[in-house]
Each structure stands twice: as C-alpha cells, then as structure tokens.
Protein chains: 2
Amino acid sequence: MSHTGAINPENAEILETPMGEIDGIDFEIIELLFFAYRDFISDPDAILDTSGFGRAHHRVVHFVNREPGLTVAALLDTLKITKQSLARVLKQLIDSGYIAQVAGPEDRRQRKLFPTARGRELALALARPQSCRIADAMKGLDESGRAAVKTFLSGMINSANRSGAADQDDMKEGQRR
Amino acid sequence: MSHTGAINPENAEILETPMGEIDGIDFEIIELLFFAYRDFISDPDAILDTSGFGRAHHRVVHFVNREPGLTVAALLDTLKITKQSLARVLKQLIDSGYIAQVAGPEDRRQRKLFPTARGRELALALARPQSCRIADAMKGLDESGRAAVKTFLSGMINSANRSGAADQDDMKEGQRR
DNA sequence: TCGAATATGTCAGCTATGTTGACATAAATT
DNA sequence: AATTTATGTCAACATAGCTGACATATTCGA
C-alpha cells in the first residue's frame, strides 16, 4: 500500500470520546430517522430494480396516483426538483404507459398527469410493503401514540410546504431557483 | 413542441380517482415520512454546500464522531455502501484533516477512524440544526408521546440492523454483495 | 513456515439523479 | 401585437451509488 497519509499521526489531534447526548443534541432520534428512512425506502427499491425504474420514478408515480390530474408545475413543486430532472423520468413513465397526459381543459398549456391502470398497479405495489412496515412499527402503539407519531412527523416538515392543495401565494419562480 | 406522445389519448385508459386510504394503505404516514426526511436532510445540506462536502461526507463524519475508533469494515456495515464508494469521501475527509486513521493495536491490518477537533466541530455543526428541528417537532408531546415516536422509528428499522455494537454473527461478506 | 484468508486501498468505468444555462413552442394575457 | 406563462428539450456537469479486477499488508491455520 502506498499510504500517502499518516497512519498513526503521532497521536496528534485525535479525539477518542464519543460524541454523545452530553453535547445537548438528540443523536438518538437523528440516527433512528436515518436508519428508519433507509429501510423504509429499501422495500420499494427492491421492486423497482425489477422493473428498471428508480426512486425518482417511484415518487412521480406515487404523487400522480395520489392526485390524478395534477399539473407538471404542481408536481415540480411537490418534489422540489427541476423540470429537466423530472423530464427524464416522466418521459419514461409516459412512454412505458404508466402515466398519461391530458391538455388542461381551461388552460390548454397545462399538461395534466393521470395514472393508467398499469400506473395505479405499480403505485399500489410500491406502497404496500411500506404500509406494512408502518403498520408493523405502529403495532404496539395505542391511539395517542399513533397521534404522537403523526404530530412529530408533521412537525418535522417545513411549514412552507405541504398540501392544502393550494397555498396562499408561493412567489413566482420560473425554474425553481 | 414535437409531442411524440399522445396528449389527449381519446380518454383511453385514464384513472381519475385519487389513490386513497380505501386501498387499505397508509398513504398519510408514507408521505409524512417522505417530506419529513427531505426537510430533515435539508438543514445539514445547506451547511455542506458551503464546505464543499456532500451528504456522503456527513454520514461518515457523523458515525466516526459517534464511535471513535471504529474500523472501516464497521463503518461500511453501518452505511451499507461499498468500500469504493466510501473510499472517495473518506479520502477527502482524511486529506482535509477532519478524520484521522490509526492502525489497529491488535490487528494492524485494521484502520481505526477517529475524528480530529475539526471533524468534531463539523459533526456538531451538522447535528445542531437537525436536533433543533426534532426538539421543535417534539415540543407538543409529553413523555409517552416521545416514547411512542422512538418506538415507531425503531420499529421501522430492519431488525438485522442497528447497534448492540456487536451483532451475533453477520455472515462473512467481502465487498457487500 | 508457508499458503490462504482477511482488511484495506485503488483503478477504471458505468448508472441514477440531481444541477445550470440556453432555447423552442403553444397558449393565455395585457 | 407583444409579453408572459407552461411546458419541453438539448447539452454539459456533479454527486454518489455500483461492479469488477487487482495490489498490499497482516494474520491465521495446517
């Protein structure tokens, strides 16, 4: 081995004490979130590997199925990615018949996105294992415990976000950033 | 626009009904997790943009600070990535003086990883906003609510994982897959 | 003691998914 | 008619995964 860097740097500036709750920081939850999300994501990932799609496709299929008829702009806002990034996966999903576009009835510039039967099936197949995992993790909790989990997760989300379908104003943005 | 795909495919195979709880799936929590994790990650991301590092560096710095002296193999097992993937970010962190290596005292093939003072500072700086966000989200919860959150998150994690420092056996694996 | 197994490092190339910037087109708005 | 908006698209780039192949140092077992 070449080992350009020092392997035992004369015990110089090394810290041996673990970074712990002492620092007034909740490392436990930080790590629980990391591992929980990693495993939460792994279920659909396994399915996606089969179908040749990735996580990006998963998100698109999910939200289109959750809100059929949403526009490209709305989807971009939900995902918080650029249209160029979305374009790649969306095109694949349309070409493979998972999602269909319809010109907006009022504003014909819009492209409203709808799931096909295939798209619906895929979305459900991907959500199922995740839902099972959640049900499992909720198993020991009573109603107040479950409510606490929802409160917590909601509280973790930037208030500027999420649902209500229509926010108040949202400042015009061309291409996000 | 060229529009190779049909824009209004004769109302063929389109589904207009939203995918909802009807299907016996907990979409609410699925989405809460998605948004919560996205925003949870965004705090350190903003800091990392400044220092020229990415999420991958974040994870490495975090776990090395949490368990100073862990070996490369242990880190790989925690992160569930390949050594080649780790190598890139680890090298940068070592070269920039955030992490130091020490040959294992017992087994000199091992490289034990320790944070430097710089590394500790970075890890704390990254954890702080996340901890605040968590504290905020926990604000309204009593002790049983907080316990419920931990129970839930723990339950989301694959049992094959996490801590106890030493698992039972772990099946030999050369390069993870 | 020698050969195999182990822990780590490293080269090269590929993929998925994000980013910017620039430009095109159709439809709506003023 | 001119401008703005919604969408699409091309090109180039960055990050962070992955696989495969191979090198080196060290430990371990026969």
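All of these numbers come straight from a predicted model, not from anything done at the bench. Convention: sequence-line order gives letters A, B, ...; per-chain numbering from 1.
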task: Identify the heavy atoms of A/K80 and A/D77 that sit nearest to each other, and give their distance.
output: NZ-O, 3.3 Å
message: Tell me whether B/R108 at atom CZ has more than 12 heavy atoms from other residues, nucleotides or ligands lying less than 6.0 Å away.
response: no
query: So, for A/F114 and A/Y98, is the gap between ring centers shorter than 6.0 Å?
result: no
message: Looking at B/E31 and A/R66, is any side-chain nitrogen of the basic one under 4.0 Å from a carboxylate oxygen of the acidic one?
response: yes
field: Whole angstrom value for the distance that separates P of D/dG8 from CG of A/D95
entry: 12 Å
query: If you take atom types as modelled and just measure distance, does the side chain of B/R88 reach the base of C/dG9 with a donor-acceptor pair under 3.5 Å?
result: no
- prompt: Under the 3.5 Å rule, do the base of D/dG8 and the side chain of A/K91 count as making a donor-acceptor pair?
  reply: no
A/R108 side-chain N/O to C/dT29 phosphate OP1/OP2 under 4.0 Å: no
message: Check this one for me: any side-chain N or O of A/T82 less than 4.0 Å away from OP1 or OP2 of C/dT19?
response: yes
- prompt: A/A87 or A/D107: which one's nearest nucleotide on DNA chain D is closer to the 5' end?
  reply: A/D107
- request: Look at all strands and tell whether A/Q92 reaches a base, only sugar-phosphate, or nothing, counting heavy atoms closer than 4.0 Å.
  value: nothing
Separation of atom CD1 in A/I99 from atom P in D/dG8, rounded to whole Å: 12 Å
message: Could you tell me how far apart B/L48 (CG) and D/dA14 (C1') are, to the nearest whole angstrom?
response: 15 Å
message: On DNA chain C, compare the nucleotides closest to A/E106 and B/A73; which residue's is nearer the 5' end?
response: B/A73
- prompt: B/L70 CG to C/dA7 P: how many Å, rounded?
  reply: 15 Å
field: Along DNA chain C (nearest heavy atom to each residue), the more 5'-positioned of A/V89 and A/P105
entry: A/V89
- prompt: When the distance from CG of B/L76 to C1' of D/dG17 is rounded to whole Å, what number comes out?
  reply: 13 Å
- request: Provide the closest heavy-atom pair for A/G119 versus A/V61 in the form atom of the first, atom of the second, distance.
  value: O-CG1, 3.6 Å
- prompt: In whole angstroms, how far is the P atom of D/dA25 from the CD atom of B/Q101?
  reply: 15 Å
message: Under 4.0 Å from OP1 or OP2 of D/dA16: is there any side-chain N or O of A/R55 that close?
response: no
- prompt: Whole Å only: how far is the CD atom of B/Q110 from the C1' atom of C/dT6?
  reply: 10 Å
query: Hey, does the side-chain of A/Q84 have a donor or acceptor N/O within less than 3.5 Å of a partner on the base of C/dG21?
result: yes
task: Rounded to the nearest angstrom, tell me the gap between atom NZ in B/K83 and atom P in D/dT24.
output: 14 Å
message: Just to be sure I understand the rule, does A/H58 reach a base, reach only the sugar-phosphate, or reach nothing, if contact means heavy atoms closer than 4.0 Å?
response: nothing
field: Neighbour count above 12 (heavy atom, 6.0 Å) for A/E21 CD
entry: yes
- prompt: Taking only side-chain nitrogens and oxygens of A/R109, does any of them come within less than 4.0 Å of OP1 or OP2 of C/dA26?
  reply: no
query: A/H57 side chain N/O closer than 4.0 Å to the phosphate oxygens (OP1, OP2) of C/dT17?
result: yes
